[in-house]
Amino acid sequence: MGVTDDRRTLLADTAVSVLADEGMRGLTHRAVDRAAGLPPGTTSAYFRTRKALLTALAERLVALDQAELREAGGRTPAPRDAEELVAALTAFAGRRLTGEGRRRSLARYACAIESVHHPELRVVLAPRRNTARQTVHDFLAARGVPDPGPRTVRLLTCVDGLVFDRLVTGGHVPEDDIRPLVSAALT
């Protein structure tokens, strides 16, 4: 990775943090410069327009999410039963609600809402095939569930909605509160 790529990644990562902390109105080129500790105008030099900054931010979110899902899929064996699948999806939701995962979730949902007015973001944020999605699909297919593709999408959409709901309502979310909701979505 070259210096320019490193700088773009730094600025995109910083933009994610600014968006998570300050919301869409607080995401400005100047705010990213300040948060990154860089001279004024740096972000604008790399991402000339707000649209370019938002697109870079969304692309970075997708890259981070895909890397996380690849890593999780590589270290976690396929679930043997519904209880293991529920545990895996509960852990996934928990990661999305705490620490850096929470910050990325806040930024991702802000971008998703913004994509209503900026369709280019919708293209970037569109769900992608990944190890986790394939694991759920294969689990459902192996159990003879009809239409495992659409049902996988519905299940993961429910988990996504759960994460969104818990982010909006705030506060700490115990795993014991998440698990029954994930289990009901699977059922």
Side-chain angles (χ1 to χ4, degrees), residues 1 5 8-27 32 43 46-74 76 78-79 85 88-141 145-168 178 181-182 185-186:
M1 193 181 278
D5 290 339
R8 285 179 180 281
T9 300
L10 169 68
L11 292 169
D13 285 342
T14 303
V16 169
S17 294
V18 169
L19 181 55
D21 294 342
E22 305 297 327
M24 197 54 78
R25 290 191 64 165
L27 179 66
V32 174
T43 302
Y46 284 88
F47 306 111
R48 192 74 198 119
T49 64
R50 180 173 175 78
K51 178 179 169 181
L53 179 60
L54 278 171
T55 301
L57 182 159
E59 288 171 346
R60 183 65 179 150
L61 281 171
V62 169
L64 291 168
D65 287 350
Q66 291 293 92
E68 177 189 9
L69 291 168
R70 271 192 309 275
E71 181 183 323
T76 307
L85 181 59
L89 290 171
T90 300
F92 171 79
R95 286 191 304 276
R96 293 283 197 234
L97 291 167
T98 57
E100 192 57 34
R102 180 180 188 281
R103 295 170 62 79
R104 286 200 337 248
S105 292
L106 289 168
R108 185 180 313 100
Y109 291 125
C111 284
I113 291 168
E114 191 70 13
S115 77
V116 169
H117 304 290
H118 298 284
E120 67 278 358
L121 289 178
R122 203 171 314 133
V123 172
V124 174
L125 295 169
R128 289 169 169 65
R129 296 205 59 75
N130 58 56
T131 308
R133 183 178 293 264
Q134 191 63 48
T135 298
V136 172
H137 178 277
D138 293 349
F139 178 86
L140 297 176
V145 172
D147 301 321
R151 288 177 185 240
T152 296
V153 171
R154 283 195 295 268
L155 173 58
L156 295 179
T157 299
C158 287
V159 172
D160 191 45
L162 167 67
V163 170
F164 180 81
D165 178 72
R166 293 309 188 248
L167 279 174
V168 175
I178 298 171
L181 296 170
V182 172
L186 177 61

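- Residues Leu64 and Asp13 meet the side-chain proximity criterion, which asks for heavy atoms closer than 4.5 Å.
- Using a cut-off of 4.0 Å between Lys/Arg side-chain N and Asp/Glu carboxylate O, Glu100 and Arg95 are scored as not salt-bridged.
- Here Leu181 pairs with Leu162, Arg166 under the side chain to side chain contact (heavy atoms under 4.5 Å, CB included) rule; sequence neighbours left out.
- Taking the side chain as every heavy atom from C-beta outward, Leu186 and Leu140 approach each other to under 4.5 Å.
- Enclosure of atom CZ in Arg50 by more than 12 non-hydrogen atoms of other residues, nucleotides or ligands within 6.0 angstrom is indicated.
- Smallest separation of non-hydrogen atoms from Tyr46 and Arg8: O-NH1, 3.1 Å.
- Taking the charged nitrogens against the carboxylate oxygens, Glu68 and Arg96 do have a contact shorter than 4.0 Å, which makes a salt bridge.
- The closest donor-acceptor contact from the side chain of Arg108 to the backbone of Ala58 lies at 3.5 Å or more, if one exists at all.
- Distance CG/Leu156 to CG/Leu89: 6.5 Å, rounded to 0.5 Å.
- Scanning both residues, Arg151 and Val145, for their nearest heavy atoms gives CD-CG1, 3.2 Å.
- Side-chain contact of Ser17 with Arg103: a donor-acceptor pair under 3.5 Å is present, judged by distance alone.
- We find the CZ-CG distance between Phe139 and Leu155 to be 10.0 Å, quoted to the nearest 0.5 Å.
- Closest non-hydrogen pair, Val18 versus Gly26, comes out as CG1-O, 3.6 Å.
- For the pair Asp65 and Arg104, the minimum side-chain heavy-atom distance is below 4.5 Å.
- A pairwise comparison of heavy atoms in Cys111 and Leu61 identifies SG-CD1, 4.3 Å as the closest pair.
- Formation of a donor-acceptor pair under 3.5 Å by the Ser115 side chain with backbone atoms of His118 is not found in this model.
- The CZ atom of Arg60 sits 5.0 Å away from the OG1 atom of Thr9 when rounded to the nearest 0.5 Å.
- We find the OG1-CZ distance between Thr43 and Arg48 to be 11.5 Å, quoted to the nearest 0.5 Å.
- Summarising the geometry of Val153 relative to Thr157, their closest heavy-atom pair is O-OG1, 2.7 Å, with the distance given to 0.1 Å.
- Within the 4.5 Å cutoff, side-chain heavy atoms of Pro150 are placed close to those of Asp147.
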Subject >> Residue pair Ile113, Met24: steps toward the side chain to side chain contact (heavy atoms under 4.5 Å, CB included) verdict >> reply: CA-CA 10 Å; Ile113 291 168; Met24 197 54 78; over 6 Å; no
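- The side-chain heavy atoms of Val116 and Leu121, taken from C-beta on, include no pair separated by under 4.5 Å.
- Each salt bridge (charged side-chain N to carboxylate O under 4.0 Å, His left out) pair with one or both residues in residues 117-126, not counting sequence neighbours, would appear here, but there are none.
- Of the inter-residue distances, the one linking Phe92 atom CZ with Leu97 atom CG reads 10.0 Å to the nearest 0.5 angstrom.
- Among all heavy-atom pairs drawn from Ala12 and Ala56, the shortest one is CB-O, 3.9 Å.
- If you take CG on Leu54 and CG on Leu27, they are separated by 5.5 Å, rounding to the nearest 0.5 Å.
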